[in-house]
There are 2 protein chains.
Amino acid sequence: MKMDDRKFMILQAIIDDYIMTAVPVGSRTISRKQGVGFSPATIRNEMSDLEELGYLAQPHTSAGRIPSAKAYRLYVDRLMKMVDLSAEETGRIQDHLNKRTAQVEEVIRQAAQALSDVTHYTAVVSGPQMAGVSIKRVQMVPVTETSALLVIVTGAGLVRERVIQVPEGVGPDQLYGLSKVLTERLAGCSPQEAREQLTNVTADLGEHRQLMASVLGVIDSQLGGDENVPLVVGGRSNLLHYPEYSDVEKARSFLAVLESREKLAPLLKGSDLEFTVRIGPEINMPEFSDCSVVTATYHVGENTSGTMGIIGPTRMDYARVVSVMNYMGRAISDLLSGVKE
Amino acid sequence: MKMDDRKFMILQAIIDDYIMTAVPVGSRTISRKQGVGFSPATIRNEMSDLEELGYLAQPHTSAGRIPSAKAYRLYVDRLMKMVDLSAEETGRIQDHLNKRTAQVEEVIRQAAQALSDVTHYTAVVSGPQMAGVSIKRVQMVPVTETSALLVIVTGAGLVRERVIQVPEGVGPDQLYGLSKVLTERLAGCSPQEAREQLTNVTADLGEHRQLMASVLGVIDSQLGGDENVPLVVGGRSNLLHYPEYSDVEKARSFLAVLESREKLAPLLKGSDLEFTVRIGPEINMPEFSDCSVVTATYHVGENTSGTMGIIGPTRMDYARVVSVMNYMGRAISDLLSGVKE
DNA sequence: GTTAGCACTCGACCTTTGAGAGTGCTAACA
DNA sequence: TGTTAGCACTCTCAAAGGTCGAGTGCTAAC
């Protein structure tokens with residue numbers, strides 16, 4: 001048995017209906033739809049075929065059909081059409097973003113808020129990945145007698161900062177001098193190159209061994225892996241609107257995942273494509289077995305990029321979600337690259 | 001009718017039992033308890049009195065009694081005894097905090113995590129309130145041609161930073177010079193004094209009017225009110241463990257409050273006391289009508305302090321919560337004041 | 001290939017019923 | 001006079017049974 005145009009059409013109608021209602025779809029419902037010129041009996045035959053092909057499932061004998069993960073896969077890959085956002089939607093997004101700021105944490109917080117607000121799903125946004133980045137400037141600002149704020153500026157104009165310990169007796173002017181040396185030596189370096197350069201610097205300077213070790217530690221931790229990129233979640237409570245989460249225990253374990261960076265981070269990874277859709281079982285996490293995750297990449301400058309994701313029920317409105325993220329990707333890039341409106 | 005020792009004792013027993021089980025407490029249950037030498041019938045008479053006095057309520061005729069908000073109030077004010085934390089509990093807290101860092105965001109995040117983890121309730125921790133603070137140092141670090149990171153260090157050794165716009169043509173050295181002037185002029189100032197000083201500085205410098213306006217803007221927003229102090233929540237999913245939140249809609253509106261800074265911030269305010277307990281209706285928020293909030297203050301240096309809060313069901317284990325927060329208050333102070341272990 | 005008709009299935013919802021927990025009241029007891 | 005045993009009463013909860021309606025698969029006719 002093969003798929004034909006009519007089967008595609010019926011499947012699409014079922015998915016569309018189920019996305020809206022979350023109720024198993026019966027043959028009569030489809031037959032009544034505009035543009036479907038067949039009786040319920042005919043639809044039933046086709047539905048029976050679609051079930052055999054693995055696209056539909058029946059919760060129990062006398063219920064309607066619900067789309068399987070395979071059906072959503074087909075829908076996302078072949079049936080889905082991009083939609084245009086309404087002026088009201090883009091307006092809502094811009095309202096969240098209209099603060100003029102290039103502060104990474106703030107931008108991604110606003111982005112997560114906007115995404116969850118517009119889609120009514122849960123949004124996760126990570127800060128820009130610093131792995132392939134180049135260093136532009138390193139500067140220490142004195143804080144107390146024994147500590148300073150180490151500020152690292154990247155080529156793309158992103159900033160990371162961190163308090164480090166400073167040996168007693170190293171004064172503000174000395175810190176400024178050291179900062180100049182560090183900036184000269186490290187400018188243009190990748191984090192890996194910086195590590196080598198720093199050992200040279202340490203050798204040259206002789207003293208300040210411990211301080212340089214702290215600097216290296218920060219570069220490693222802040223520009224190294226992605227354990228330290230900020231990660232914010234928005235709209236945690238949104239999913240509890242959906243009947244999929246009318247069971248508190250399910251809701252709780254879902255929320256628990258959102259609270260665990262270790263479990264959450266992998267959801268945003270796994271693909272460098274512009275968009276990635278993972279559906280239910282494809283995610284491979286029991287807590288998310290009837291969730292889908294749509295992730296997208298945003299770019300800042302040449303080499304820097306971050307990820308955002310939307311988590312919703314498998315029956316989520318993929319077309320709209322992809323459109324919203326598409327729009328948001330450009331918006332974040334503009335904000336973080338300092339583009340003026 | 002008046003309260004007597006026996007009534008207190010019975011009320012305490014009922015509260016203790018209800019805190020553990022969340023099930024209405026019957027006369028037999030109390031009568032069976034160690035140290036209570038009375039039959040269920042006697043207890044029943046006393047319970048009937050306690051109900052008349054407003055300390056107990058009956059969900060329905062043939063159920064046991066549950067404590068009223070008034071009973072918890074009495075419990076917190078008069079009956080509660082501080083408990084000692086077990087080594088296991090202090091250990092768990094230290095495990096969350098053992099990263100050596102004086103980074104405010106990180107410390108309060110860890111604190112919220114630790115509090116929620118140890119108490120199994122939901123925790124909210126705010127960063128130190130900057131209102132009464134004095135400025136110690138102001139420094140700008142160049143980021144791009146047209147932006148810089150403005151770093152403000154306070155007397156207590158706390159740091160706030162923010163990206164500001166810089167007019168084209170102002171180079172790194174000039175920014176450093178300006179930073180020196182700013183630090184000289186503003187050192188020791190309160191935010192209010194800084195505002196006046198800055199207008200002087202602007203007058204003296206002539207140019208850089210716009211830059212100074214940006215600096216002032218940051219001082220106002222970062223050290224001014226408390227709209228900009230960081231606020232982190234830990235253990236959002238914890239409350240869903242309790243039968244009070246077995247209703248999804250209730251859980252959802254609870255979570256929605258946690259997502260709204262405007263609704264959440266007032267919960268941490270309202271009292272300068274070391275500890276404040278607000279019970280159910282005292283909170284005056286429908287979403288929290290059967291929650292209690294315990295808040296406590298922590299101090300950094302002389303003039304700087306922040307707030308933490310625990311949100312749990314009204315039948316929460318107040319004694320333990322207060323003890324945990326007491327311990328945590330000292331731990332946060334130590335971390336943020338840079339005290340070494 | 002399409003459709004009408006029909007018997008069949010199964011969950012949703014309602015009602016009934018019985019068990020259990022807990023109460024208030026009364027009368028007896030120390 | 002305070003305490004307690006006994007008992008009738010109330011109310012929730014869970015299980016059991018019954019009805020309704022939506023939806024199916026199959027067959028036969030168009």
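Bear in mind that the values here come from a model prediction, so they are computed numbers and not experimental data. Below, all heavy atoms of this structure are taken into account, side chains as well, without hydrogens, waters or symmetry copies. Below, read A as the first sequence line, B as the second, and so on, with proteins coming before strands; counting in each chain starts at 1.
Taking the ring axis of B/Phe38 as reference, the NZ or CZ atom of B/Arg6 stays within 45° of it and closer than 6.0 Å to the ring centre.
Checking B/Thr61 against B/Gly37, the closest nucleotide of DNA chain D that is more toward the 5' end is the one next to B/Gly37.
Here A/Glu244 does not pair with A/Lys250 in a salt bridge; the nearest charged N to carboxylate O distance is not below 4.0 Å. Under 4.0 Å is where a charged nitrogen must lie from a carboxylate oxygen, and between B/Arg315 and B/Asp290 no such pair does. Look at A/Arg236 and A/Glu259 and you find no salt bridge, because none of the NZ, NE, NH1 or NH2 atoms lies under 4.0 Å from a carboxylate O. The residues A/Arg73 and A/Glu282 are annotated as salt-bridged, a charged nitrogen and a carboxylate oxygen being separated by less than 4.0 angstrom.
Heavy atoms of other residues, nucleotides or ligands lying less than 6.0 angstrom from CG of B/Asp77 number more than 12. Taking a 6.0 Å sphere around CZ of B/Arg28, one finds it holds 12 or fewer heavy atoms contributed by other residues, nucleotides or ligands.
Rounding to whole angstrom units, CG of residue B/Asp17 and C1' of C/dG22 are separated by 14 Å. Atom CG in A/Leu56 sits roughly 14 Å away from atom C1' in D/dT24 (whole-Å rounding). Distance A/Arg28 CZ to C/dG5 C1': 14 Å, rounded to the nearest Å. Going from atom CZ of B/Arg6 over to atom C1' of D/dT1 covers 12 Å, rounded to whole Å. At whole-Å resolution of the value, NE2 in A/His60 and C1' in D/dA22 are 9 Å apart. If you take OH of B/Tyr18 and P of C/dG22, they are 14 Å apart, rounded to a whole angstrom.
Distances from the side chain of B/Arg65 to the nucleotides D/dA5, D/dT24, C/dG24 place C/dG24 closest. For B/Ser39, whose side chain is taken as the heavy atoms from C-beta onward, the closest listed nucleotide among D/dA5, C/dA4, D/dG23 is D/dA5. Ranking C/dT2, D/dT4, D/dT10 by closeness to the B/Phe38 side chain, first place goes to D/dT4.
Donor-acceptor pairing under 3.5 Å, judged by distance alone, is absent between the side chain of B/Ser62 and the base of C/dT23.
Less than 4.0 Å separates DNA chain D from at least one heavy atom of each of the following residues of residues 43-54 of chain B: B/Arg44, B/Asn45.
Applying the 4.0 Å criterion to OP1 and OP2 of D/dT24, one finds that A/Ser27 has a side-chain N or O inside that range.
When heavy atoms are screened at a 4.0 angstrom cut-off, A/Thr42 is found touching base atoms of the nucleic acid.
For C/dT3, the paired nucleotide is D/dA28, the pair qualifying as Watson-Crick or G-U wobble because both relevant distances are below 3.5 Å.
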